Amino acid sequence: MSLPEPAVRTLPVPARPLPTRWLILAVLCLAQVTVVLDNTVLTVAVPVLTAELGASTADVQWTINAYALVQSGLLLTAGSAVDRYGRRRLLLAGLVLFGAGSAAAALAQSTGQLIAARAGMGVGGALLVTATLAVAMQVFDAAERPRAIGIWAAASALGFAAGPPVGGLILARFPWEAIFLVNVPIVAVCLVAAGLLVPESRSPSGGRLDLGGVVLSTAGLTAVVYAIIAGPDRGWGSAPVLGTAAGGVLLLAAFVWWERRIAHPMLDMGFFRDRRFVGAVSGVVLITFGATGALFLLTQHLQFVRGYPAWEAGLRMVPFALSIVVLNLAGIAARLIHRLGTAGAIAVGMTLLSGGLLFVTHAPGDGYGVLLAGLLTMGTGCALANPAIVEAVMSAIPPEKAGAGAGVDGTMTEVGSSLGVAVLGAVLNARFAALLPAALAGAGSFPAALAAARTDADRAEVADAFRAASESGQTVGAGAVLAGGLLAAWLLRRAQRAG
């Protein structure tokens, strides 16, 4: 299908606001929700994939992680390409690749084919994560941009929280292939709408493709993220994990050296001389580390402590995502961020998120009212902090390099999220292992320990051990959220004063 391509614009912002800008944002958010949702939608399909494809535990892990691993490794490259070759063009390319990968995943007859298809989806996902934010930066002026970024960030939160319930609802009526097939009509709608509505724009500086930077950044980031993902299972001190992590760090150091010596780098290292940019990027890692890790533990708590199935646990967390969406769509979050300032909004938002998580963890009673109050408090915090930190990153980068900024933001988000899940998951597992009865020592997980328990008393002891371990992990997560938010706010405030 051939779609008309509007004239290329090299100006960072149109002279007059586009009348279709909010419709464009709706298309961008729909694409972003779909991309983020695929990070978590497979969590409820593990038993089905194991039974129907004969998948081993390693196969299942690779099926889930291949998408995030490829996506995180390519985000910097995708951001540079978006600016260099056209944001509209690569938005459409990302949609095509993501849709084709989804169709291939639905047709997979083996775990190997499914893993390869998920990796292909990750390539499209990297282009979409960077292109959607970069396009939003171009079609909105400075006055409306904070609200637009807030809505984009809310779409990401909605996709993250919607994965388990959406996957569960699909599996309740359809075979597992439908989880991927549902992406195809969504991609088709976005492809047509984006082709007709989104204006083309690219960086006026142009320049040759930085092949050295592409190879070094992709290999380095992939190695680092793989080491983070593999650490909890293989052991943080194991030779494969340490060797991969060390190799990744060396490749990234070589990437920095290379970027500082070529005429047209894919990532301008001069950005890191800006204290505001450094503070914002540090904040992204710190906040996503605590927030994603804590939310991961909360989903474990709902399933194993409160006894909800995975899809129902995800459904009960929907108020968290909806509160973020409502506060941003109504413009309330943007007004509060304007009143509090970027640093203040991050500090207040992360304090609310931390307080809500502690309330859910330690409040007496297991009724849904307690959980709902905590989730709404957490959602309010994220509605303030998430858009503020994205705006802090993007405002420190020239608009003509919005793709590069989106690539940095996405990369730091993936690294922080992977670290949060891995580190706080390790805290949970270590505490659980320490609290298990001696007869069950060595059980690698809560389901394994429960299956090995022979009496009701043993099963009750296992459940109590996991409850206590979950509470310890969530408390550490809440502390990480608070510390990360306050440190990020302090770094940004310091940068603003220095500026």
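Note that the structure is predicted; figures quoted are calculated from it, not measured.
- Under the side chain to side chain donor-acceptor pair (under 3.5 Å) criterion, Q71 pairs with Y67, E414, not counting sequence neighbours.
- Residues F140 and P146 are not in side-chain contact: their nearest non-hydrogen atoms beyond the backbone lie 4.5 Å or more apart.
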Requested in this report: Take T413 and F289 through the side-chain contact (heavy atoms from CB on, under 4.5 Å) test and state the conclusion after the steps.
Outcome: CA-CA 8 Å; T413 297; F289 170 86; over 6 Å; no

**Report entry** side-chain contact (heavy atoms from CB on, under 4.5 Å) evaluation trace for T411 with V284
**Finding:** CA-CA 10 Å; T411 300; V284 171; over 6 Å; no

Could you tabulate the donor-acceptor pairs under 3.5 Å formed by side-chain atoms of residues 469-493, not counting sequence neighbours?
residue: S470; atom: OG; partner: H301; partner atom: ND1; Å: 3.2
residue: S470; atom: OG; partner: Q474; partner atom: OE1; Å: 2.7
residue: S472; atom: OG; partner: A468; partner atom: O; Å: 3.0
residue: Q474; atom: OE1; partner: H301; partner atom: ND1; Å: 3.4
residue: Q474; atom: NE2; partner: T361; partner atom: OG1; Å: 2.8
residue: T475; atom: OG1; partner: H362; partner atom: NE2; Å: 2.8
residue: T475; atom: OG1; partner: E471; partner atom: O; Å: 2.7

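- Of the possible polar contacts, one joining the R21 side chain to the L18 backbone as a donor-acceptor pair under 3.5 Å is found.
- Across G381 and L352, no two heavy atoms sit closer than the pair CA-CB, 3.8 Å.
- Under the rule for a salt bridge (Lys or Arg N to Asp or Glu O under 4.0 Å), the partners of D38 that lie at least two apart in sequence or sit in another chain are R118.
- In this structure, the separation between OG1 on T380 and CG on L376 is 6.5 Å, given to the nearest 0.5 Å.
- One distance of note links CZ of R89 with CG of L127; it measures 13.0 Å at 0.5 Å rounding.
- Taking a cutoff of 4.0 Å between a charged side-chain nitrogen and a carboxylate oxygen, R202 and D83 do not qualify as a salt bridge.
- With contacts defined as side-chain heavy-atom distances shorter than 4.5 Å, the pair L267/S217 does not qualify.
- Note that OG1 of T222 and CG of L74 are 6.5 Å apart. Values are rounded to the nearest 0.5 Å.
- In this structure, L114 and W176 have side chains that are in contact, with non-hydrogen atoms separated by less than 4.5 Å.
- Between F174 and V182 there is no side-chain heavy-atom pair separated by less than 4.5 Å.
- Pairs passing the side-chain hydrogen bond (donor to acceptor under 3.5 Å, both in side chains) check and including a residue from residues 148-162, sequence neighbours excluded, read Q32-S156, T132-W152.
- The two residues A383 and A333 make their nearest non-hydrogen contact at O-CB, 3.5 Å.
- Separating the CG atom in L128 from the CG atom in L91 is a distance of 6.0 Å, to the nearest 0.5 Å.
- For R431, the salt bridge (Lys or Arg N to Asp or Glu O under 4.0 Å) test picks out no residue, with sequence neighbours left out.
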Requested in this report: Determine, step by step, whether V370 and V360 satisfy the side-chain contact (heavy atoms from CB on, under 4.5 Å) criterion, reporting the C-alpha distance in whole Å, the side-chain angles of both residues, the deciding distance to 0.1 Å, and the verdict.
Outcome: CA-CA 6 Å; V370 171; V360 169; 5.7 Å; no

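- The two atoms that bring A402 and Q138 nearest to each other are CB-NE2, 3.6 Å, heavy atoms only.
- Applying the salt bridge (Lys or Arg N to Asp or Glu O under 4.0 Å) test to every pair with at least one member in residues 316-328, sequence neighbours left out, gives these pairs: E312-R316.
- A search for ring pair (Phe, Tyr, Trp, His ring centres under 6.0 Å) contacts involving F466 returns F304, F432, F446, not counting sequence neighbours.
- With salt bridges taken as basic N to acidic carboxylate O contacts below 4.0 Å, none links E391 and R145.
- The shortest heavy-atom contact between F320 and G379 is CD1-N, 3.5 Å.
- Between V35 and M121 the shortest side-chain heavy-atom distance does not fall below 4.5 Å.
- The side chain to side chain donor-acceptor pair (under 3.5 Å) check on T218 picks up T77, with sequence neighbours excluded.
- Residue pairs meeting the side-chain hydrogen bond (donor to acceptor under 3.5 Å, both in side chains) criterion with at least one partner in residues 328-347, sequence neighbours excluded, are absent.
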Requested in this report: Test L75 against L221 for side-chain contact (heavy atoms from CB on, under 4.5 Å), laying out the working first.
Outcome: CA-CA 9 Å; L75 280 166; L221 286 169; 6.0 Å; no

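- In this structure F272 satisfies the ring pair (Phe, Tyr, Trp, His ring centres under 6.0 Å) test together with F277, sequence neighbours excluded.
- With hydrogens and angles disregarded, no donor-acceptor distance shorter than 3.5 Å links the side chain of R276 to the backbone of A392.
- Although no hydrogens or angles enter the test, the distance criterion places a donor-acceptor pair under 3.5 Å between the side chain of E200 and the main chain of R87.
- For S102, the side chain to side chain donor-acceptor pair (under 3.5 Å) partners are N183, not counting sequence neighbours.
- V393 approaches V281 most closely through the heavy-atom pair CG2-N, 4.2 Å.
- When all heavy atoms are compared, the tightest approach of V70 to G122 is CG1-C, 4.0 Å.
- When side chains are defined from C-beta on, M266 counts as touching L76, because their heavy atoms get closer than 4.5 Å.
- Side-chain contact between M412 and T288 is absent, with no heavy atoms from C-beta onward closer than 4.5 Å.
- Note that CG of L196 is 10.5 Å distant from OG1 of T20, once rounded to the nearest 0.5 Å.
- In terms of the ring pair (Phe, Tyr, Trp, His ring centres under 6.0 Å) criterion, F359 has no residue partners (sequence neighbours excluded).
- Taken to the nearest 0.5 Å, the CE atom of M350 stands 9.0 Å off from the CD1 atom of I389.
- At a threshold of 4.5 Å between non-hydrogen side-chain atoms, the residues L371 and L375 count as touching.
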